[in-house]
Each structure stands twice: as C-alpha cells, then as structure tokens.
Amino acid sequence: MNNGDNYKRRRKDTFSDDEDSCSADHKPKKKDLNGIITSLLLLEEQEKRDHEEQNEASNEEKSILESNHKRKTRTMLEFYANIQDYYSEIDETDRMKRKKSRAMAASVVAAAAVSQTENQSPNQQNKQSGSGQQRRLWVKDRSKAWWDECNRPDYPEEEFKKAFRMSKSTFELICEELNSVIAKEDTTLRTAIPVKQRVAVCIWRLATGEPLRLVSKRFGLGISTCHKLVLEVCSAIRSVLMPKYLHWPDEDSLREIKEEFEGISGIPNVVGSMYTTHIPIIAPKISVAAYFNKRHTERNQKTSYSITVQGVVDPRGVFTDVCIGWPGSMNDDQVLEKSALYQRANGGLLKGVWIVGGSGYPLMDWVMVPYTQQHLTWTQHAFNEKIGEIQKVAKEAFGRLKGRWCCLQKRTEVKLQDLPVVLGACCVLHNICEIRDEGIDPGLKFELVDDEMVPEVALKSVSSMKARDAIAHNLLHHGLAGTAFL
C-alpha cells in the first residue's frame with residue numbers, strides 16, 4: 001500500500017512539474033505575439049502618417065507647379081505682347097520715315113524743277129512743258145534701248161517676228177484687245193508703263209523662257225515688275241481673249257471640221273484630234289508624289305516632275321478645248337476623265353461624233369483610238385494608218401505650241417498655282433497665231449516625247465468597237481486605206 005501511494009505521489013509530482021514547465025513555456029510565446037501585433041500596428045500607423053505626409057507634399061508640389069506654370073504663361077504672354085507692341089512701333093516708325101522721305105523727295109524734285117525752270121530760257125521751258133512729266137529721282141534709271149529699238153515703226157518685220165513669234169500686226173491686235181484691261185494711268189510718283197511694253201514683256205518671256213533677270217535688263221524694268229506684268233497680261237489673255245479665240249465650235253464650224261478630217265483620213269464624223277503632253281516643273285512643296293513623272297525620269301535618268309495639258313484641235317491645229325493642270329503622275333485616260341470635255345460628252349454634247357485619240361485613251365462612244373492588240377489584221381493595219389493621219393494633226397499642233405513658246409520646254413520660275421494661267425495664255429496666243437497664219441521658224445520646231453500608256457480598261461463601249469470595225473472595213477474595201485502595204 002505504501003509502495004502504491006509512493007508511486008502515485010511521484011507520478012503526481014511528475015505531472016505537476018510537467019504542467020509547470022508547459023505553463024512556463026506558453027507564457028513567453030503569448031508575450032511575443034502581443035509584441036509582434038503591437039509593432040505591426042505601430043508600423044501601419046507610421047505608414048499611414050507617411051502616406052498622408054506624402055499626399056500633403058505632392059499636393060503642395062502640384063500647387064507650386066501650377067502656380068509656376070501660370071506665372072510662366074503670364075510672363076510669356078506679356079513678353080509676346082511687348083514684342084508685338086515693339087514691332088508695331090517699328091513699323092509705324094518706318095512708315096512715318098518713308099512718308100517723310102517721299103515728302104522730302106517730292107519737295108526736292110519740286111525745288112529742282114523750279115530752279116531748273118528759272119535757269120532755262122522761255123523756249124526751253126515751253127519745250128519741256130510739252131514733253132510731259134519728268135522721271136522722279138527715286139526711280140532707278142534702267143536702259144530701255146533694246147525695247148525702244150523694237151518699238152520703232154521702221155524696225156524690220158522679220159526681226160520683230162523672230163523676237164516675238166508673231167508679226168507686228170498681230171502684236172498690235174493683241175494690244176488693242178487687252179488695252180482696256182491692262183492699261184494704267186500715270187500717277188504723281190511715276191509714269192505708267194505703256195500697254196505695248198506690258199504685252200511685249202509677257203510675250204517675250206513666254207517666247208524665250210528667259211529668266212526674269214534677263215527680261216528685266218532687256219526691257220529696263222525691275223525683276224518684280226516683270227514678274228507681275230507676265231502674270232497680269234496672262235490673266236488678261238485668259239479672261240478676255242480665251243472666250244473669243246479658244247472655244248468649242250458651233251454647228252457650222254463642226255460641219256466644216258468633219259469634212260476636212262474626212263478628207264484627210266476617210267473616217268467620217270471626226271470633230272477633233274486629241275493629245276496630252278507634259279510640262280516640266282520644279283518639284284512642288286506639297287503632293288510631290290502626285291507630280292512625279294516616272295516615265296520621263298526613267299528616260300532622262302533625272303528626277304522629273306510635270307503637269308499635264310490635254311488639248312483637242314481642229315484640222316488647222318487650232319485648240320477647241322484644253323484641260324490644264326492635272327499632276328504628271330496621271331495617265332492620259334485619267335486626265336480625260338477629270339476634264340470638262342468628259343463631263344460634257346456624258347451630257348450628250350458629242351453624241352454621234354468622234355474625237356480621235358492615241359493608244360493612251362480608251363475606246364468610248366465618242367473617243368476613237370487605234371487598234372493596240374498584237375497580230376493585227378490587214379484591215380486593222382489600214383485603219384491605224386488612216387487614224388494616224390488625224391493623230392498627227394494634234395501632235396504637230398502641240399509641237400508648234402512648245403516650239404513657239406519655249407517657256408513650256410523647261411522648268412519655269414512660275415509658281416504651281418499660277419502655271420495654269422500661263423499655260424492657258426500660251427494656248428490662246430497659239431490659236432491667234434494659227435488663225436492669222438503666223439508661220440513658225442523651222443529652227444523652232446520641237447519634237448514631242450510623251451509616252452502613251454495603254455489604259456487598264458481599253459474598251460468602255462462594245463458598240464464603239466463594232467463601229468470601229470465597220471469603219472475599218474469600209475476604209476479598206478472602198479480603196480481609202482491600205483496603200484502603204486501594197
């Protein structure tokens with residue numbers, strides 16, 4: 001019994017010791033957890049305070065940046081306003097100086113004239129009073145000897161025509177037609193340039209293509225004055241003379257044109273021969289790719305830019321319709337679709353008649369073109385031979401146009417937006433020369449080089465194809481074609 005009691009007692013003591021040890025072990029662990037939690041809470045509070053401080057700092061920085069930006073903007077605006085005021089003051093000062101200088105120059109001229117008059121005899125005074133106003137001192141003295149020589153009544157006709165591509169009578173006609181539009185009156189500051197000299201500057205510039213500085217020396221005028229005169233006279237030619245000398249023929253004229261073309265080729269109902277040429281230009285500042293001429297670039301091994309001129313001519317080579325100014329990257333058929341002629345034809349203007357074009361145009365109800373496929377028949381060869389006679393009329397007319405007006409052969413100083421006016425004036429002057437039988441010097445003849453690209457859609461009318469086949473058949477079997485192959 002004692003042994004059992006001792007065993008129980010020892011065991012109880014052991015358990016009690018274990019419990020004490022376990023309780024001792026658990027107590028420090030609880031303390032550690034509480035400390036960790038406390039530290040985490042402290043860290044979280046610290047982070048919140050730091051975040052709030054950062055937000056406050058960022059708001060302060062943002063407000064500082066905004067205030068700085070507003071201050072800089074206000075300063076910049078004030079600076080620009082001061083600059084504008086400064087330049088306006090300078091402009092006003094310059095204006096006043098120019099005004100004073102003109103007034104002083106006028107007073108000096110007046111004083112010089114008075115003193116000169118006082119020192120002259122009465123006969124000299126009368127002679128000078130009849131001669132009109134004198135040259136002002138501020139006008140630069142330039143020699144007009146060459147133009148004065150050309151303007152003499154006894155100047156040789158051949159020399160005048162060589163210089164201006166037309167006879168004196170034709171030149172006088174143009175001056176009379178344009179007189180009411182381009183004539184200027186004398187002012188107190190300068191004498192107006194005469195109408196003849198204005199027209200001569202323009203025609204000489206178009207005929208020779210010389211730079212403006214050389215035109216300036218030849219006519220005794222300023223470079224800017226010559227440039228202004230060329231544009232003014234070209235604009236007057238286009239507005240005054242184009243409606244009179246370049247227009248679509250009336251019914252009686254169309255009847256005569258049909259008869260003449262049929263006499264040339266045997267093809268009936270032809271009212272015009274059509275051709276499209278390219279005019280070289282300086283690379284434009286905008287839409288460069290549109291004006292890039294790939295075919296001329298490949299042929300000449302030099303980058304080329306151009307604009308197009310499409311024209312329809314009668315048997316004499318007189319233009320009856322023109323379309324000017326479309327970019328040089330466009331093919332002939334694309335230019336045709338953009339033209340006013342195309343719109344009028346769709347409206348029924350050319351119903352029952354033909355305009356003959358080259359292989360660059362599509363076959364349409366009103367456009368007759370040669371056969372372009374390979375392995376042509378005898379009939380097709382004969383037709384191409386005859387239609388080529390009509391095509392040659394337009395090509396030769398464009399050759400005379402470029403030969404007579406050499407400014408069309410090379411890149412010009414005229415701006416792209418002004419070029420259609422200049423080209424239109426050249427076409428009108430060409431018509432006047434052709435109508436008045438102004439021959440062209442053989443040395444001025446110009447050989448055209450314009451590539452004709454077969455359009456993607458070469459046939460736009462089945463009925464026109466049948467009509468062309470019928471015309472070709474009649475030409476051959478009535479003995480009107482095919483003589484070159486016999």
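Just so you know, residue 1 is the first one in the sequence shown, and it goes up from there.
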Backbone of Gly317 reached by a side-chain donor or acceptor of Asp314 within 3.5 Å: yes
Run the numbers on Val322 and Gln310 for side-chain contact (heavy atoms from CB on, under 4.5 Å), then give the verdict. CA-CA 6 Å; Val322 290; Gln310 173 191 282; over 6 Å; no
Going by heavy atoms in the side chains, are Val271 and Lys258 under 4.5 Å from each other? yes
Within a strict 4.5 Å, meaning less than it, do heavy atoms of the Cys406 and Thr208 side chains meet? no
Heavy atoms only: give me the nearest Ala192-Lys184 pair and the separation to one decimal. CB-O, 3.5 Å
Where do Leu476 and Trp378 land on the side-chain contact (heavy atoms from CB on, under 4.5 Å) test, with the steps shown first? CA-CA 9 Å; Leu476 183 64; Trp378 183 281; 3.2 Å; yes
Rounded to the nearest 0.5 Å, what separates atom CD in Glu149 from atom CG in Asn151? 10.5 Å
Quick one: does any side-chain atom of Glu177 pair with a main-chain N or O of Leu241 as donor and acceptor, under 3.5 Å? no
Check whether the side chains of Thr191 and Asp186 place a donor and an acceptor atom closer than 3.5 Å, and report yes or no. no
First locate atom CD of Gln409, then atom CG of Leu401, and finally report the distance between them rounded to the nearest 0.5 Å. 10.0 Å
When you measure from the side chain of Arg205 to the backbone N and O of Glu210, does any donor-acceptor pair fall under 3.5 Å? yes
Between Val369 and Phe383, which heavy-atom pair has the shortest distance, and what is it? O-CE2, 3.8 Å
Quiz question: by atom type and distance under 3.5 Å, do the side chains of Ser304 and His296 form a donor-acceptor pair? no
Could you tell me whether the side chain of Tyr361 reaches within less than 4.5 Å of the side chain of Leu336, counting heavy atoms only? yes
Would you say the side chain of Lys196 lies within less than 4.5 Å of the side chain of Cys175, judging by non-hydrogen atoms? yes
Interatomic distance, OG@Ser339 vs CZ@Arg344, rounded to 0.5 Å, equals 8.0 Å
To the nearest 0.5 Å, what is the distance between OG1 (Thr170) and CZ (Arg436)? 4.0 Å
Does a donor on one side chain sit under 3.5 Å from an acceptor on the other, for Ser461 and Asp365? yes
Please check: side-chain N/O of Ser239 versus main-chain N/O of Ser235, any donor-acceptor pairing under 3.5 Å? yes
Closest non-hydrogen contact found for Val393 with Phe261 is CG2-CE2, 4.4 Å
Can you tell me if Arg213 has over 12 outside heavy atoms packed within less than 6.0 Å of its CZ? no
From CA spacing to verdict: side-chain contact (heavy atoms from CB on, under 4.5 Å), Val201, Val233: CA-CA 9 Å; Val201 168; Val233 175; over 6 Å; no
Please determine whether a side-chain nitrogen of the Lys or Arg among Glu337 and Lys460 lies less than 4.0 Å from a carboxylate oxygen of the Asp or Glu. yes
Would you say that more than 12 heavy atoms from the other residues, nucleotides or ligands in this model lie under 6.0 Å from the CD of Gln373, or not? yes
Do any N or O atoms from the side chain of Arg165 and from the backbone of Ala207 form a donor-acceptor pair under 3.5 angstrom? yes
Using 30° and 60° as the class boundaries, would you call the ring planes of Trp147 and Phe219 parallel, tilted or perpendicular? tilted
Can you tell me how far apart CD (Glu260) and CZ (Arg255) are? Round to the nearest 0.5 Å. 13.0 Å
Which atom of Ile282 lies closest to which atom of Thr412, heavy atoms considered: CD1-O, 3.4 Å
Does any part of the side chain of Arg295, heavy atoms only, come nearer than 4.5 Å to the side chain of Asn331, both counted from C-beta? yes
Please check if the number of heavy atoms outside Glu157 that lie under 6.0 Å from its CD is greater than 12. yes
Check whether any side-chain N or O of Ser265 sits under 3.5 Å from a backbone N or O of Lys386 as a donor-acceptor pair, and report yes or no. no
Assess the pair Phe319 and Phe398: is the distance between their ring centroids shorter than 6.0 Å? yes
Partner of Ser216 under side-chain contact (heavy atoms from CB on, under 4.5 Å), picked from Ser224, Cys226, Pro211, is Cys226
Tyr245 backbone acceptor or donor facing Asn431 side chain under 3.5 Å: yes
Which heavy atom of Met274 sits nearest to which heavy atom of Val367, and what is that distance? CE-CG1, 4.3 Å
State, to 0.1 Å, how close Ser359 and Thr372 come at their nearest heavy-atom pair, and which atoms those are. CB-CG2, 3.6 Å
What's the spacing between Ser463 OG and Arg468 CZ if we round to 0.5 Å? 12.0 Å
Say whether, by atom type as modelled, one donor and one acceptor occur between the side chain of Arg198 and the main chain of Ile193 under 3.5 angstrom. yes
N-O pairing of Lys392 and Glu389 below 4.0 Å: yes
Please identify which of these residues, Trp204, Phe160, Tyr155, meets the ring pair (Phe, Tyr, Trp, His ring centres under 6.0 Å) condition with Phe171. Phe160
side-chain contact (heavy atoms from CB on, under 4.5 Å) between Ile281 and Leu419, intermediate numbers included: CA-CA 9 Å; Ile281 61 172; Leu419 202 51; 3.4 Å; yes
Pair Thr377-Tyr371, side-chain donor/acceptor within less than 3.5 Å: no
Answer whether the closest heavy-atom distance between the side chains of Leu429 and Arg404 falls below 4.5 Å. no
Is the shortest heavy-atom distance from the side chain of Gln391 to the side chain of Pro370 under 4.5 Å? yes
So does Val309 get a backbone contact from the side chain of Thr277, meaning a donor-acceptor N/O pair under 3.5 Å? no
Distance-only, no hydrogens or angles: does the Thr297 side chain make a donor-acceptor pair with backbone N or O of Thr303 under 3.5 Å? no
Within the structure provided, determine whether Thr320 and Leu246 are in side-chain contact (heavy-atom separation under 4.5 Å). no
